[in-house]
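The basis for the numbers below is simple: all heavy atoms, side chains too, and nothing from hydrogens, waters or symmetry mates.
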Amino acid sequence: MNIDLSWVLNDVLEVRGARHAILVSGDGLLLQRSDDIARDDAETNAAAMSSMQSLSRAVAGFVGAGHGIWKQTLLEYDGGWIFLIAAGQGSYLAVSAAPDVDMEAMSFRMQKTVSALSKAMSVAPRSDNGVGA
């Protein structure tokens, strides 16, 4: 089943300064991309974001014993920001933004988007557990 979730990713781009959004699997596969990023660019960045979340999780203990649960990675560049958060089991949402993006608005919208993604990707439980006919 291949569900088109680009509408959900495009929603996060409503924050002024947001540029691109991608949904990435834990092993670096591109699951979905916003309309404005080319597939090749999105696939390259998906692989990099998977590595980035893995690296972020690996150093989480650096914040202190018992406090090292990764939630978000924020990268700053001369030309803008990259936000990376968990988007459900084994998936991650990455958004690139301009230098003047409202960081609070972006974080809030990403959390809202992750919530919408989890609802859109959930499947209702089967009442007969697949048994019977």
Side-chain angles (χ1 to χ4, degrees):
M1 177 170 68
N2 196 4
I3 301 170
D4 179 15
L5 297 172
S6 61
W7 63 270
V8 178
L9 296 183
N10 289 332
D11 182 61
V12 79
L13 298 179
E14 290 182 15
V15 175
R16 187 182 54 79
R19 293 179 175 153
H20 310 292
I22 57 174
L23 184 62
V24 181
S25 71
D27 57 358
L29 296 177
L30 176 66
L31 299 175
Q32 192 68 57
R33 63 187 168 97
S34 57
D35 293 338
D36 59 339
I37 184 170
R39 177 170 273 301
D40 288 347
D41 291 339
E43 287 176 348
T44 298
N45 284 290
M49 290 301 123
S50 176
S51 296
M52 186 58 61
Q53 68 79 25
S54 180
L55 178 62
S56 296
R57 288 179 189 281
V59 299
F62 188 59
V63 300
H67 302 287
I69 297 173
W70 176 78
K71 295 187 181 226
Q72 176 174 304
T73 299
L74 181 62
L75 302 166
E76 180 181 15
Y77 297 89
D78 286 342
W81 299 90
I82 295 175
F83 296 77
L84 177 65
I85 65 171
Q89 185 148 355
S91 63
Y92 307 92
L93 175 63
V95 177
S96 66
D100 63 345
V101 69
D102 180 336
M103 296 176 78
E104 184 178 359
M106 179 57 73
S107 290
F108 176 78
R109 182 63 63 100
M110 287 180 74
Q111 290 298 326
K112 179 180 163 193
T113 300
V114 165
S115 177
L117 278 169
S118 65
K119 288 177 186 170
M121 293 173 67
S122 67
V123 176
R126 293 165 54 160
S127 61
D128 66 357
N129 294 327
V131 178

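W70 and V63 fall into different hydrophobic clusters, where Ile, Leu, Val, Met, Phe, Trp and Tyr residues are linked whenever their side-chain heavy atoms come under 4.5 Å apart, directly or through other members. Residues I22 and M106 do not share a hydrophobic cluster, defined by chaining ILVMFWY side chains whose heavy atoms lie under 4.5 Å apart. Note on V95 and M103: same hydrophobic cluster, where clusters join Ile, Leu, Val, Met, Phe, Trp and Tyr whose side-chain heavy atoms are under 4.5 Å apart, directly or indirectly.
With rounding to the nearest 0.5 angstrom, the CE atom of M49 is 9.5 Å from the OG atom of S56. Taking CG from L55 and CG from L84, the interatomic distance works out to 10.5 Å, rounded to the nearest 0.5 Å. Atom OG of S96 is separated from atom CZ of R19 by 6.5 Å, given to the nearest 0.5 angstrom. Distance check, rounded to the nearest 0.5 Å: CG of L30 to OG1 of T44 gives 10.0 Å. Note that OG of S91 is 10.0 Å distant from CD of Q53, once rounded to the nearest 0.5 Å. How far CD of Q111 is from CG of L93: 9.0 Å, rounded to the nearest 0.5 Å.
Partners of L75 according to the side-chain contact (heavy atoms from CB on, under 4.5 Å) rule, which considers only residues two or more places apart in sequence or in another chain, are M52, T73, Y77, I82. For E104, the salt bridge (charged side-chain N to carboxylate O under 4.0 Å, His left out) criterion is met by no residue, not counting sequence neighbours. Judged as a salt bridge (charged side-chain N to carboxylate O under 4.0 Å, His left out), and not counting sequence neighbours, the contacts of R109 are D11, E14. Scanning for side-chain hydrogen bond (donor to acceptor under 3.5 Å, both in side chains) contacts around S25 gives D27, with sequence neighbours left out. Residues passing the side-chain contact (heavy atoms from CB on, under 4.5 Å) test with E76, sequence neighbours excluded: W81. Applying the salt bridge (charged side-chain N to carboxylate O under 4.0 Å, His left out) test to R16 and every residue at least two apart in sequence or in another chain returns D100. For the side-chain contact (heavy atoms from CB on, under 4.5 Å) test, residues two or more places apart in sequence or in another chain that qualify with D35 are S6, N10. Residues passing the side-chain hydrogen bond (donor to acceptor under 3.5 Å, both in side chains) test with S34 are D36, sequence neighbours excluded. Remark: F62 engages no residue in a side-chain contact (heavy atoms from CB on, under 4.5 Å) (not counting sequence neighbours).
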Discussion item. Show, in sequence, the C-alpha distance, side-chain angles and deciding distance for V114 and I85, and conclude whether the side chain to side chain contact (heavy atoms under 4.5 Å, CB included) test is met.
Written reply: CA-CA 9 Å; V114 165; I85 65 171; 3.3 Å; yes
Fill in: Steps toward side chain to side chain contact (heavy atoms under 4.5 Å, CB included) verdict (F83, V101)
CA-CA 11 Å; F83 296 77; V101 69; 4.2 Å; yes
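Sorted by first and then second residue, the pairs that involve residues 40-64 and meet salt bridge (Lys or Arg N to Asp or Glu O under 4.0 Å), not counting sequence neighbours, are R39-E43.
When all heavy atoms of S50 and G26 are compared, the pair lying nearest together is OG-O, 2.5 Å. Summarising the geometry of P99 relative to G79, their closest heavy-atom pair is CD-O, 3.3 Å, with the distance given to 0.1 Å.
Residues L9 and L23 meet the side-chain proximity criterion, which asks for heavy atoms closer than 4.5 Å.
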